Amino acid sequence: MIPQMMDAAQAATYLSISKDQLYRLARSGALPFTRAGRSLRFRTEDLDAYLSLQTPRPNHIIALSQALFVKVFDAMPHPISINTLSEGRLLDVNESLLRLTGYTREELIGRTTLEINIYSNKEDRARIREILLKHGAIRDLEMNFRIKSGEVLTGVMSAEVIEFNGEQCVLATVTDITERKHFEQRLAAQYAVTRVLSQSNTLEEATPQILQLVGETLGWSLGALWHVDGAAGVLRCVEIWHASSVEAPEFEQLSRNLTFRQGEGLPGRVWAEAQPAWVADVAVALNLPRMPAANKEGLHGAVGFPILMKGQVLGVIEFFSSEIRQPDENMIGMMTTVGNQIGQFIERKRAEQALHETNQTLQALFQASPVAIINLDPQGIVKLWNPAAERIYGWSEQETINQPLPTVPLDKEEDYRHDHESASRGFIFNGLETRRRRKDGVLIDVSISTAPLRDARGEIKSVVALVTDITERKRAEEAMRESEDRFRTVAETASDAIIMIDAESTIIFINAAAQNIFGYGVEEMRGQQLTMLMPEYLRHVHRQSLERYVKTGEKHISWRAVELPGLHKSGQEIPLELSFGEFVREGRHFFTGIARDITERKQLEQALRFRAEELAEANRIKDEFLATLSHEMRTPLTSIIGWAHLLQAGTLDAETSKRALETIQRNAKTQAQLIEDLLDVSRVITGKLHLEVRPINLASVIEAAVDAVRPAAEGKGVELTTLLDHSVVVSADADRLQQVIWNLLSNSIKFTAAKGRIELQFERVEAHARIVVRDTGIGISPDFLPYVFDRFRQADSTSTRHYGGLGLGLALVRHLVEMHGGTVHAESPGEGMGATFIVTIPIVATVTTGRRAPALRLADDSPTGNFDGHELKDLCVLIVDDEEDARDLIKTVLVQCGAEVRAAGSSDEAMVAIGRERPDVLVCDIGMPGEDGYALISRVRALPTEHGGSTPAVALTAYAREDDRIRALAAGFQVHLSKPIQPSELVAGVASVAGRTRTD
Amino acid sequence: MNESKAGMQTTKRRVFCAEAHDDTRQLLSLLLGQSDYEVEAAGTISEGLSVIGLKRFDLYLLSSRFPDGSGIELCQRIRRFDPFTPILFYSAAAYEADRQSAINAGAQAYLNKPGDISELVNIIKQLINKSERAVVLAERSHGEKLLTKSRRRLPEPAGGLDCRFFT
């Protein structure tokens, strides 16, 4: 088998080992070789060797050889020609040559090489002839030759001079090495491009060389580089090269001025399709804007290819040739490669640029960072140490690089080892707060964040640590906490509410005291609107004034000690005293308010005001009283003096003189009574009024009083009637009770007009005597009723109306009745409807002085009194008192009245005495050391009746208030007598509880 | 006119006395009667008003306190219809404020009780004289104008008015 293609070495090998076969083939008449493609080549020396074999052939062989030669000649894969040496006229050519050149045998035989224009370089013919003449042979001369199509091929020619038909001829064989040549050119061009790109820093620097190299190497006449102008969306020519043998100024100019959109012209088409385009002859191609110029300046073949980066067209390179050039796949492939190479170059450059920039940035960051950046390898050795690290720690880069970290204090070493190990395993610390030591030994607080650095395989090679010095911040935080603590302590211990709001009136702080004031819990108030703590009607004003203040700084109210109502959770208003403060933080306004609950103060103020009004009223009453007093003193005096004056003048007749004297006497009495009343009131006020208590028949006392006022009533035409129970005996002061009745009746007469009526009724109601005085007078208005018995009061006591008198009568009545342990009150249906006065006194008066006695004594001015020795006859009385003098005094009085008296100095003694003696009556002091009178009576009352549990008891005490009386009665005493006490009162009291009434 | 004038010359000066205290009222009636005055006395304001509504007086003698009102009230009511007749207070209300309010109410003089009874009589006399002189002087210097004006303002009670001004 004969291979279709083989290189020269293979052909030689083949021939050298198969000479026999060659013969065999030749004998069989089969073609030993076929030429398949231009790549089948023979080395001429092999042919020579073959041919030399023929030389010593016998004749029968010669004939065979001739036939064989013809066969071999035509079958030779190498183009072979025989031409004359002199003219170069072709004598014979083989099939291979015809195939290579495209001519027919007839077109060549008989014509000279010059006629056929076979030499690309016409000088080649002369040069070859010269060599042949000189050496007789040419070996492996490389030359270009033109074939019928006009295409120029490259071949390697060997030739030798032979005798043919007696003429010196040239047997020439040529091996077409166009392909190889082109391959080499492409390789060279590609290599050159690679070299240029590798040596260039920028594309701008590389492109002129690339255009030139590619153009020259690949036989192009003109090249242009187009750049995609992304912004304009066009291709723009940035570089043009042309071969030195070519001039195409118009085309160049046009190229430089034109821009192409996608799809326009050759560059536009390449851009649009992102792949090479070949135009065999631009002179005949339509739709090319530069076609006329190309035509004019002899440009024909053209190729364009894209500069691609990741599929994106960055630019287009085009080449033009003076020749028509058929599309060459290999060249297109090569151009594609160049385009890609340039694209990769650009990409690499860009990446380099990017990397460079990134490095620059990182470097700047590393240098300028205020945060210390430290790189540690897994062993803890410092690999990077930036200026900030120097600043923070004091150690320089030189001191730390390739050394273990010098900044870890002893007590943190274990933590550090552990943390570094974790970081080296990939743990990321974010703001780890710890302590480090500076070079100068000072400890600082730092915040550390770490990130692992990994190699290409993802293994951690080192750890980057970012360190911030937070000492100041820590200190500030500490100071802040301290300040905060102080503030909280103050705020939480304050008894005033402390509230902080923002400009939107939201409560951002409120202290515990506010809970007590407003009733809400702290959590209920925080975050809410402040308006929740104010009454509805203040809310709008508050919002408006706050808003205005924030805007204009204009205050609506004073900020110091304003009084405003707050709103308690219960809905009640609370009077508050407020003071305000303000601070601005980062442009935001905050307001503080301190609210003090002034409810108590308000109440006090109210009470004070009330008291002041009372005082003013009392003062006014006093003034009125003095005016009245003056008036009431002067009035009778006027009559006295006036009538005396008339008497003195001696002009009066006898009757008138008598009337004058009566008048004088009456007015003098009136004045005396006035003075008496005044003194009585004064005695009451100073506690110096004493009662002479004796059992009295009250009816007769009343009658005496009625008799005294009857003339006045009759004189005024007022009817006075009485209804009296004559059987009632009370223990009381007869004179004082008469004074009471007299005053009540006088009052009624004064205010009752002629034809009016006054009724006095007296009866016993249970343990009380009840006296009712009812008149048909002017009555009492409901407003005045409560004040009827006040001193110096008279209804309408101003100067508008006047009934005379000091307004002391009823006041005295009340005092005297109360001194008897009784009560008095007035009733009236209203003005003009008459009035009723009701006095109630106990049958056995529990006498009070209205004042607390200074000490126990029997009233000085009343010695033991007049007792007949029968009042308490046969009564056994037990006196309990810790004071011996007191016991003796009481004993003396009681003995005088016929009582049998036992005495005890203490509660215990008393209990013994009760058990032994069974007294009829107990007279007991309340205030005793140890067990007091209350306790004693409780013990007594706890006894069975047969052991004295029901023994009647009289309390004797210096505690004279109503409360004390009630307490004594509640404790079990029957009667309460307050000290100092008069003997008669004591006797009456004892008699009363013993069931004895006076029989005299 | 002439008739009235002649009548006035023979008629006693009339004094109205308001006094709530019976003994004092009797005293004053007797005393002024002795001094040749015609006295009309009342014990209450309402009683007094009914008296002075019927007659003209040459002087009003008032005390301060009445069961149905004050002397000041009475004084003011008198002045509502009689701006000129002298009013004298004889009062047991002895404060300066009492005196001042009486003067403010239109009184000419104020005497405290008890004072000197004869002094009271003197003052009454002086006040009446002064009042009469003033009316004459006013008439002479200002002519009919003042008089007419004054008289026009006064209500015309029954009788007594004309003769007063021309005595």
Side-chain angles (χ1 to χ4, degrees), chain A residues 623-624 626-653 655-657 659-671 674 712 715-716 750-754 777-778 794-806, chain B residues 17-36 43-47 61-77 89-102 105 110-122:
Chain A
D623 287 346
E624 275 172 15
L626 286 178
T628 303
L629 179 61
S630 161
H631 188 276
E632 292 305 298
M633 297 293 271
R634 284 168 195 275
T635 299
L637 208 52
T638 305
S639 286
I640 292 167
I641 291 171
W643 284 105
H645 176 82
L646 289 180
L647 278 177
Q648 207 171 24
T651 55
L652 299 180
D653 57 30
E655 197 187 332
T656 313
S657 294
R659 206 175 88 209
L661 286 172
E662 282 170 4
T663 305
I664 289 168
Q665 197 175 25
R666 188 167 56 245
N667 281 285
K669 270 187 183 169
T670 303
Q671 203 160 30
L674 265 179
K716 213 179 169 186
K750 190 196 259 178
F751 293 105
T752 304
I778 62 167
Q794 218 175 47
D796 277 332
S797 65
T798 53
S799 52
T800 27
R801 286 183 192 192
H802 191 63
Y803 286 91
L806 288 176
Chain B
C17 171
E19 170 62 61
H21 192 249
D22 294 347
D23 292 340
T24 308
R25 191 169 65 248
Q26 284 164 23
L27 169 70
L28 291 173
S29 294
L30 188 61
L31 185 70
L32 294 177
Q34 281 183 349
S35 304
D36 214 18
T44 64
I45 287 177
S46 55
E47 193 189 327
L61 177 63
L62 309 180
S63 72
S64 288
R65 299 189 177 191
F66 299 92
D68 57 349
S70 73
I72 301 295
E73 273 173 30
L74 180 55
C75 178
Q76 286 165 337
R77 293 186 69 165
F89 267 84
Y90 184 46
S91 169
Y95 288 1
E96 174 58 23
D98 298 320
R99 198 187 75 85
Q100 197 56 51
S101 53
Y110 196 95
L111 265 183
N112 282 338
K113 285 176 185 171
D116 187 344
I117 283 288
S118 48
E119 176 73 8
L120 174 68
V121 179
N122 284 340

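Throughout, a chain's letter reflects where its sequence line sits, starting with A, and its residues are numbered from 1. Small disclaimer: the values here were computed from a predicted structure and weren't measured.
- Contact of A:Leu626 with chain B is made through backbone and side chain together, with heavy-atom distances under 4.5 Å.
- Scored by the ring pair (Phe, Tyr, Trp, His ring centres under 6.0 Å) test, B:Phe89 finds B:Tyr110 as partners (sequence neighbours excluded).
- Listed here is the closest heavy atom pair of B:Ala93 and A:His631: N-CD2, 3.6 Å.
- The minimum heavy-atom distance between A:Gly642 and B:Ile117, with the atom names listed, is CA-CG1, 3.7 Å.
- Sequence neighbours left out, the pairs with a member in residues 643-652 of chain A that pass side chain to side chain donor-acceptor pair (under 3.5 Å) are A:Thr651-B:Gln34.
- With a 4.5 angstrom heavy-atom cutoff, A:Leu646 touches chain B only via side-chain atoms.
- Using a 4.5 Å heavy-atom cut-off against chain B, the contacting residues of residues 664-671 of chain A are A:Arg666, A:Asn667.
- Closest heavy-atom contact between A:Ser630 and B:Ala92: OG-O, 3.8 Å.
- Note: B:His21 NE2 to A:Arg634 CZ = 14.5 Å, rounded to the nearest 0.5 Å.
- Heavy-atom distances place no part of B:Leu120 under 4.5 Å from chain A, backbone and side chain included.
- Comparing B:Asp116, B:Asp23, B:Asp22 by heavy-atom pairs within less than 4.5 Å of chain A, the highest count is held by B:Asp23.
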Q: Might you work through the side-chain hydrogen bond (donor to acceptor under 3.5 Å, both in side chains) test for B:Thr24 and A:Thr638, ending with a clear yes or no?
A: CA-CA 7 Å; B:Thr24 308; A:Thr638 305; 5.4 Å; no
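- The side-chain heavy atoms of A:Thr628 and B:Arg65, taken from C-beta on, include a pair separated by under 4.5 Å.
- Take A:Asp623 and apply the side-chain contact (heavy atoms from CB on, under 4.5 Å) test, not counting sequence neighbours, and it matches A:Asn619.
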